[in-house]
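One is the number of the first residue; the rest follow in order along the sequence.
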Amino acid sequence: MQFKKRLTFLFLFFMIGTGVAWAGERGYQLVTGRDGKLCEKILEAFREDVDDRGWLRYQHEIFRQITWKPVELKGQGPKTRHCSSLDRTLVDLDNDGQLDLVVKTTFCMKGAPSDSLYVFPADNSVLDQVSWQDLSPLLATNDKFERTGGTYPLTSLPMKDGTPALTTLFTLHPFMLDGVTYVSLTDARREWVVVAKYLRGERFEDLCYLRLAGR
């Protein structure tokens, strides 16, 4: 009887230990960062937000502080929002103390969605000028992230092994932490997540490089 109890205890201890180890390996790990304390704080929030595959769900409080509203454009638009959506928000994206009008578009490339960001002064009337048949006033801004079909090399922070890049299809999520706005960037593979600050134009300051555990 004592032997069975001991065996059961060892089995439970093994299962608990294995579970803890597995849980600790889920989600993303910090590879390198410009500010270690900041990156660890962001990483902690990200790890609370992963799904069963370890991917971000973008449902954590830091993402919910920014409220997006659908943009209703003039003209006849595509029927599927999954591949044809525009959303707007007012947020100080570049942390200069002034609110910005940020428009996030999601369009598909070969059936898969990819995000872009377009930035304007808060009182800009660009959305009154665009329609489904003519998006050119929106796309013409110099302040944007527009990389669908292209690349975003991870070269701003030193890494030991190679120079990976986000490619082709992008997922972009601005978020706020301690009153500061950051942008989370990844691609369809979701192996790498970049946490960056937006610097106007098409420039970002990369702060943290995170990698999906086990990759």
Side-chain angles (χ1 to χ4, degrees), residues 49 51 55-60 62-154 156 165-176 181-206:
D49 194 51
D51 61 17
W55 292 356
L56 286 171
R57 296 174 297 176
Y58 305 105
Q59 296 176 5
H60 193 278
I62 63 174
F63 295 108
R64 291 188 280 108
Q65 292 184 53
I66 298 177
T67 302
W68 296 88
K69 297 181 179 179
V71 175
E72 300 295 336
L73 293 183
K74 295 174 287 187
Q76 185 64 42
K79 296 180 180 179
T80 306
R81 179 172 168 79
H82 171 70
C83 286
S84 57
S85 67
L86 288 85
D87 297 279
R88 62 176 293 171
T89 191
L90 289 175
V91 65
D92 184 6
L93 192 66
D94 61 352
N95 299 292
D96 68 347
Q98 302 293 323
L99 290 177
D100 303 298
L101 169 63
V102 182
V103 180
K104 178 179 175 180
T105 68
T106 303
F107 294 109
C108 282
M109 180 178 180
K110 296 182 179 179
S114 184
D115 299 337
S116 299
L117 293 179
Y118 302 91
V119 187
F120 303 87
D123 59 355
N124 193 280
S125 61
V126 63
L127 294 177
D128 296 328
Q129 305 167 29
V130 299
S131 67
W132 283 113
Q133 284 65 47
D134 183 14
L135 294 173
S136 59
L138 178 71
L139 308 182
T141 180
N142 292 321
D143 297 323
K144 58 188 174 182
F145 181 95
E146 191 181 56
R147 298 289 181 94
T148 298
T151 63
Y152 187 92
L154 279 59
S156 296
L166 307 182
T167 65
T168 312
L169 302 169
F170 294 85
T171 299
L172 309 174
H173 281 275
F175 67 94
M176 296 189 70
T181 307
Y182 304 93
V183 182
S184 166
L185 308 93
T186 189
D187 60 14
R189 298 169 298 177
R190 303 197 186 190
E191 177 181 355
W192 291 91
V193 172
V194 178
V195 175
K197 279 186 175 179
Y198 175 61
L199 300 179
R200 307 301 295 189
E202 297 186 53
R203 298 180 301 117
F204 285 77
E205 178 188 7
D206 295 354

Chemist: So, for Leu101 and Pro121, which heavy atoms are closest and what is the spacing to 0.1 Å?
Modeler: CB-O, 3.6 Å
Chemist: Going by the disulfide bond (SG atoms under 2.5 Å apart) test, which pairs reach into residues 84-149, not counting sequence neighbours?
Modeler: Cys83-Cys108
Chemist: Contact between Tyr182 and Ile62 at the side-chain level, heavy atoms closer than 4.5 Å - yes or no?
Modeler: no
Chemist: Any ring pair (Phe, Tyr, Trp, His ring centres under 6.0 Å) pairs touching residues 112-146, not counting sequence neighbours?
Modeler: Phe145-Tyr152, Phe145-Phe170, Phe145-Phe204
Chemist: Could you tell me which residues satisfy salt bridge (charged side-chain N to carboxylate O under 4.0 Å, His left out) with Lys197, sequence neighbours excluded, listed by chain and number?
Modeler: none
Chemist: Closest approach of Lys104 and Leu172, non-hydrogen atoms and distance?
Modeler: NZ-O, 2.7 Å
Chemist: Can any side-chain N or O of Thr89 pair as donor or acceptor with the backbone N or O of Thr67 at less than 3.5 Å?
Modeler: yes
Chemist: Look at the side chain of Asp51 and the backbone N and O of Arg57, then say whether any donor-acceptor pair between them is shorter than 3.5 Å.
Modeler: no
Chemist: Which atom names give the shortest non-hydrogen contact between Gln133 and Lys74, and what distance separates them?
Modeler: OE1-O, 4.1 Å
Chemist: Got more than 12 heavy atoms from elsewhere within 6.0 Å of CG, Asn142?
Modeler: no
Chemist: I'd like to check the side-chain contact (heavy atoms from CB on, under 4.5 Å) partners of Ala122; sequence neighbours left out, ordered by chain and number.
Modeler: Leu90, Leu99
Chemist: If the condition is side-chain hydrogen bond (donor to acceptor under 3.5 Å, both in side chains), which residues does Thr141 pass it with, not counting sequence neighbours?
Modeler: none
Chemist: Compare every heavy atom of Glu202 with every heavy atom of Arg147, then report the nearest pair and how far apart it is.
Modeler: NH2-O, 4.0 Å
Chemist: Okay, side chain of Asp92, backbone of Gly97: is any donor-acceptor separation there less than 3.5 Å?
Modeler: yes
Chemist: Test: side chain to side chain donor-acceptor pair (under 3.5 Å). Region: residues 120-129. Which pairs qualify, not counting sequence neighbours?
Modeler: Ser125-Gln129
Chemist: With sequence neighbours excluded, what pairs up with Asp100 under the salt bridge (charged side-chain N to carboxylate O under 4.0 Å, His left out) test?
Modeler: Arg200
Chemist: Are any of the side-chain heavy atoms of Phe107 and Leu135 separated by less than 4.5 Å?
Modeler: yes
Chemist: Taking atom CG of Asp206 and atom CG of Leu199, what is their separation to the nearest 0.5 Å?
Modeler: 9.5 Å
Chemist: Applying salt bridge (charged side-chain N to carboxylate O under 4.0 Å, His left out) as the test, list every pair that has at least one member in residues 129-140; sequence neighbours left out.
Modeler: none
Chemist: Does a side-chain heavy-atom distance below 4.5 Å link Pro174 with Leu117?
Modeler: yes
Chemist: Kindly write out the residues that satisfy side-chain hydrogen bond (donor to acceptor under 3.5 Å, both in side chains) with Thr105, not counting sequence neighbours, or none if the list is empty.
Modeler: none
Chemist: Once rounded to the nearest 0.5 Å, what's the spacing between atom CG of Leu73 and atom CG of Leu127?
Modeler: 7.0 Å
Chemist: Decide yes or no on side chain to side chain contact (heavy atoms under 4.5 Å, CB included) for Leu56 and His173, but give the supporting numbers first.
Modeler: CA-CA 11 Å; Leu56 286 171; His173 281 275; over 6 Å; no
Chemist: Just by distance, with hydrogens left out, do Asp115 and Thr106 show a side-chain donor and acceptor under 3.5 Å apart?
Modeler: yes
Chemist: For Glu146, what residues pass the salt bridge (charged side-chain N to carboxylate O under 4.0 Å, His left out) criterion, not counting sequence neighbours?
Modeler: Lys144
Chemist: Is there a side-chain contact between Trp55 and Thr186, using heavy atoms and a 4.5 Å cut-off?
Modeler: no
Chemist: Using the test side-chain contact (heavy atoms from CB on, under 4.5 Å), find all partners of Met109 that sit at least two apart in sequence or belong to another chain.
Modeler: Thr148, Thr168, Leu169
Chemist: Closest heavy-atom contact between Tyr198 and Leu93?
Modeler: CD2-CD2, 3.6 Å
Chemist: Which atom pair, heavy atoms only, marks the closest approach of Asp187 to Arg189?
Modeler: OD2-NH2, 2.8 Å
Chemist: Applying salt bridge (charged side-chain N to carboxylate O under 4.0 Å, His left out), can you list everything that pairs with Asp49, at least two apart in sequence or on another chain?
Modeler: none
